[in-house]
Amino acid sequence: MSFLIPAAYAQEAAAGPAGSGFEWLFLVGFLVIFYLMIWRPQAKRAKEHKNLIGGLQKGDEVVTSGGIAGKVTKVSDDFVVIEVSDSVELKFQKAAIAATLPKGTLKAI
């Protein structure tokens, strides 16, 4: 039966430039750009947020990631109680605190 179907053989591949280092240069350049544009700024933001969370004290004026502004009335290991209005207190996880406000900001509102 093989006399009806001819056998097909692949040609030998042409020899390319041996060890051109351009591929390595491209890979290293990509990794440097990845580090400078993604990794380093993200690590910097994470470090700043960790310092913010660690430095929370009673009386600080903060804004949560949901946009709620208030004054810290109680700080525990994982949670923060924030007074958003007279006799209205809300309990948040510390990680939900997005930023601190300058003292007296909430008085002006």
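Taking each heavy atom of Glu83 and Asp86 in turn, the nearest pair found is OE2-CA, 4.0 Å. Here the closest heavy-atom approach between residue Leu52 and residue Ala98 is recorded as CD2-O, 3.7 Å.
Connection of Leu36 to Phe34 is established within a shared hydrophobic cluster, with ILVMFWY side chains joined at heavy-atom distances below 4.5 Å, either directly or through further cluster members. Under the 4.5 Å side-chain heavy-atom criterion for Ile, Leu, Val, Met, Phe, Trp and Tyr, Val80 and Val84 are members of the same hydrophobic cluster. Hydrophobic clustering (ILVMFWY, side-chain heavy atoms < 4.5 Å, transitive): Ile82 and Val75 are in one cluster. Both Tyr35 and Ile38 are members of a single hydrophobic cluster when ILVMFWY side chains are connected at heavy-atom separations under 4.5 Å. Both Val32 and Trp39 belong to a single network of hydrophobic side chains, linked directly or stepwise wherever heavy atoms of I, L, V, M, F, W or Y lie under 4.5 Å apart.
Under the side-chain contact (heavy atoms from CB on, under 4.5 Å) rule, Val62 has a single partner from Ile68, Leu101, Leu56, which is Leu56.
His49 places a side-chain N or O within 3.5 Å of a backbone atom of Ile97 that can act as its donor or acceptor partner. Although no hydrogens or angles enter the test, the distance criterion places a donor-acceptor pair under 3.5 Å between the side chain of Ser76 and the main chain of Phe79. Put simply, the side chain of Glu61 gets close to the backbone of Leu106: a donor and an acceptor are under 3.5 Å apart.
At least one side-chain heavy atom of Glu89 sits under 4.5 Å from a side-chain heavy atom of Thr73. Under the 4.5 Å side-chain criterion, counting only non-hydrogen atoms from C-beta, Asp60 is in contact with Lys103.
Comment: Asp77 does not engage Lys94 in a salt bridge, judged by the lack of any side-chain N to carboxylate O separation of less than 4.0 angstrom.
Atom NZ in Lys91 sits 9.5 Å away from atom CG in Asp78 (nearest 0.5 Å).
A 6.0 Å sphere centred on NZ of Lys58 holds no more than 12 heavy atoms belonging to other residues, nucleotides or ligands.
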